[in-house]
Protein chains: 2
Amino acid sequence: MQFKTRLNCTPPLRLRDLACLPEVASRLQHFKRGTEFVHEGQSVQKAYVLQSGWACCYKELREGGRQIISFPLPGDFMGLGSVLLRSADHSFAALSDIIVSSFSVENMMNMFQKNPSIATAVLRLASRDHAMVVEHLVDIGRRSAMERVAHCLLELRHRLRLAGLASKEEFDCPLTQYDLADALGLTPIHVNRVLRQLRERGLLTMKAHTVAIHDLAGLIDVARYEGSYVDQGGAAHDGNLFETSSGVEPVPAVPSS
Amino acid sequence: MQFKTRLNCTPPLRLRDLACLPEVASRLQHFKRGTEFVHEGQSVQKAYVLQSGWACCYKELREGGRQIISFPLPGDFMGLGSVLLRSADHSFAALSDIIVSSFSVENMMNMFQKNPSIATAVLRLASRDHAMVVEHLVDIGRRSAMERVAHCLLELRHRLRLAGLASKEEFDCPLTQYDLADALGLTPIHVNRVLRQLRERGLLTMKAHTVAIHDLAGLIDVARYEGSYVDQGGAAHDGNLFETSSGVEPVPAVPSS
DNA sequence: CGTGGAGTTGACCAACCTCAAAACATGTGG
DNA sequence: CCACATGTTTTGAGGTTGGTCAACTCCACG
């Protein structure tokens, strides 16, 4: 069975520590585009690992509307935190048809018992999630609409590249302008205007579920982008996503950009 | 030695698991108001627990200015995530004279080895931090200036109450309007105007380092506040801050509000 | 064809920012 | 004890970014 995770890209964790990983993963589940598969507040015993497709993690506001927290991509954990708290602190939905595998709380505990370095690895993963939310916070709190949009798309590109899912100047992207708006604290209308500007400046175009970067340097400049947090604290060359087949030697999926 | 932490308020962790905790804490350190004791990007081997006073956690922008991520209060961990990543992902500064104790990475690892439930407890703590940043994100992304200010002060009150540091209608607060502005993605000037409105509406006054709540219900109403995330996922009565003296039976510090 | 979701555009408006300047504290050295 | 410097709060006038409302287009899908 193919099993994707990002646990193994953290240097101190050795390969055999991972041996116990696939055995605790339950069988794969499929969700259709648009499905909300974790609802905020419901009690959960599972955490998920996204195997393919795009998801989003968000909170709904009582006043209507929502704030998107993050866009999990293949290889990312989802709901790590919720496992330990009694209930999910936010909802998850599929933005495309997706495949996930899941862990139970007990599985996680067992892993920790068997091998404490797994705990360290999981904690490190949680730290990376934390760093990404923080960056998102800075984005919304202190940057202009244009910077936000550019920043967000650059980060997605960066993460997709690490996962081997983006070429140098183009990537597939199922996000609607509504999704972007909900993530960036903007109006869909304004997102549209910003995208037009980016297009007119020859920086990037977003159409038909595809983002095309025309001027990467220029874009990085507008966005004031520095994506070190994506690579887990500067370890750029360890940041790749590997693919393991139940204990078999992992193979690098893509050379680092 | 008195040792404050919030690890012990998580139900599944038993008391004797904590026995190893004070022994790994290095001796207490003092920092003066205004000191930046962790700088973003520097390599760190330590995490801190705030024993007394107020701190803030922030990121500086290259363009000048900063975004405050959180306000650690007594009992809170600081820099949990940075321990696992190679370097600090954000800076910490003292907002008042503070006392902290610190852990090294090795100490943490040792604890995990000795007792994996500590790993679980730490991860749970990290989850709570995560939940709070997420709430902050929603705040900045989707709420008006007035809601933000009210929300922020209510959350601080809530957390201070859990720590036994606030009465029902008043608490001590060293924050300047600049600090608030940096936390909420606003201008100090605008924060001032909002505070005036809140005062004029008879909801709260903030002066001379003291926040006085005049109409709690009204305030909760404008802020749309629901602070369940502060209590670690609905476990309101387990959310208290305990005080332990090296392995001695902990005593509840304050009845829950 | 018709329907509904997504993208696009324009006119208008308000929340919040910028700049500028006082008033008010608080602590320091003379 | 006063004079001064520094940091914090307060207020005003005017400008911009981004929101609101309201169409209309385009396209995928039945």
Side-chain angles (χ1 to χ4, degrees), chain A residues 32-34 54 56 61 63-68 93-97 139-153 173-200 204-212 222, chain B residues 32-35 54 56 61 63-67 93-97 139-150 152-153 172-200 204-212 222:
Chain A
K32 283 224 132 72
R33 176 182 136 87
W54 288 49
C56 73
L61 311 181
E63 314 90 74
R66 59 177 184 168
Q67 173 66 50
I68 291 182
L95 291 176
S96 63
D97 294 350
D139 215 34
I140 292 185
R142 291 289 162 194
R143 289 200 252 259
S144 71
M146 171 101 80
E147 290 170 317
R148 288 185 221 180
V149 172
H151 195 275
C152 179
L153 292 175
C173 168
L175 298 184
T176 67
Q177 297 182 356
Y178 286 77
D179 295 327
L180 267 182
D182 282 344
L184 300 176
L186 297 170
T187 314
I189 291 118
H190 201 64
V191 168
N192 185 290
R193 288 196 268 249
V194 169
L195 284 175
R196 194 209 325 179
Q197 286 187 60
L198 289 170
R199 199 187 319 131
E200 285 170 357
L204 113 193
T205 48
M206 187 174 180
K207 60 145 206 277
H209 290 192
T210 303
V211 174
V222 191
Chain B
K32 284 223 132 69
R33 176 183 135 89
T35 318
W54 288 49
C56 73
L61 311 182
E63 313 90 74
R66 58 176 185 170
Q67 174 67 49
L95 292 177
S96 62
D97 294 351
D139 215 34
I140 291 184
R142 289 291 164 194
R143 290 200 252 259
S144 71
M146 171 102 78
E147 290 170 317
R148 285 185 223 180
V149 172
C152 179
L153 293 175
D172 218 56
C173 169
L175 298 183
T176 68
Q177 298 182 356
Y178 282 82
D179 295 327
L180 268 182
D182 282 344
L184 300 176
L186 297 170
T187 314
I189 291 115
H190 201 64
V191 168
N192 183 289
R193 288 196 263 255
V194 168
L195 283 175
R196 194 209 325 181
Q197 285 187 60
L198 288 169
R199 199 187 320 132
E200 286 169 357
L204 116 190
T205 49
M206 188 173 180
K207 59 144 205 276
H209 290 191
T210 304
V211 174
V222 286

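Just so it is clear: chains get the letters A, B, ... in the order the sequence lines come, proteins before strands, and each one is counted from 1. These numbers were taken from a predicted model, which means no experiment stands behind them. Keep in mind that the numbers below use all heavy atoms, side chains included, and drop hydrogens, waters and symmetry copies.
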Exercise. Should S96(A) and H209(A) be marked as a side chain to side chain contact (heavy atoms under 4.5 Å, CB included) after you check the CA-CA gap, both sets of side-chain angles, and the distance that decides it?
Worked result: CA-CA 11 Å; S96(A) 63; H209(A) 290 192; over 6 Å; no
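- The distance from atom CZ of R142(B) to atom P of dG18(D) is 14 Å, rounded to the nearest whole Å.
- Separating the CG atom in D97(A) from the NZ atom in K32(A) is a distance of 6.0 Å, to the nearest 0.5 Å.
- Using a 4.0 Å heavy-atom cutoff across all strands shown, G34(A) reaches no nucleic acid atom at all.
- For residues 184-195 of chain B, every residue pair satisfying the side chain to side chain donor-acceptor pair (under 3.5 Å) rule, not counting sequence neighbours, is listed here: Q177(B)-N192(B).
- Taking atom CD of residue E63(A) and atom C1' of nucleotide dG19(D), one finds them 16 Å apart after rounding to whole Å.
- The distance between atom CD1 of I140(B) and atom C1' of dG18(D), rounded to the nearest whole Å, is 17 Å.
- In this structure, L175(A) CG and C152(A) SG are separated by 7.0 Å, a value rounded to the nearest 0.5 Å.
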Strictly under 3.5 Å: I want the nitrogen or oxygen pairs between protein and nucleotides 4-13 of chain D, one per line.
residue, atom, partner, partner atom, Å
dT8(D), OP1, R33(B), NH2, 3.4
dT9(D), OP2, Q177(B), N, 2.8
dT10(D), OP2, Q177(B), NE2, 2.9
dT10(D), OP2, N192(B), ND2, 2.9
dT10(D), O5', N192(B), ND2, 3.4
dT11(D), OP2, R196(B), NE, 3.3

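- The CD1 atom of I140(B) sits 8.0 Å away from the CZ atom of R142(A) when rounded to the nearest 0.5 Å.
- Atom CG of L153(A) sits about 5.5 Å away from atom CE of M206(A), to the nearest 0.5 Å.
- Atoms CD and CZ, on Q67(B) and R143(A) in that order, are 10.0 Å from each other to the nearest 0.5 Å.
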For this session: Applying side chain to side chain contact (heavy atoms under 4.5 Å, CB included), run through L186(B) and V194(B) and close with a yes or a no.
Result: CA-CA 10 Å; L186(B) 297 170; V194(B) 168; 5.5 Å; no
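- If you walk DNA chain C from 5' to 3' and mark each nucleotide with an atom closer than 4.0 Å to a heavy atom of chain B, the marks span dC16(C) to dC19(C).
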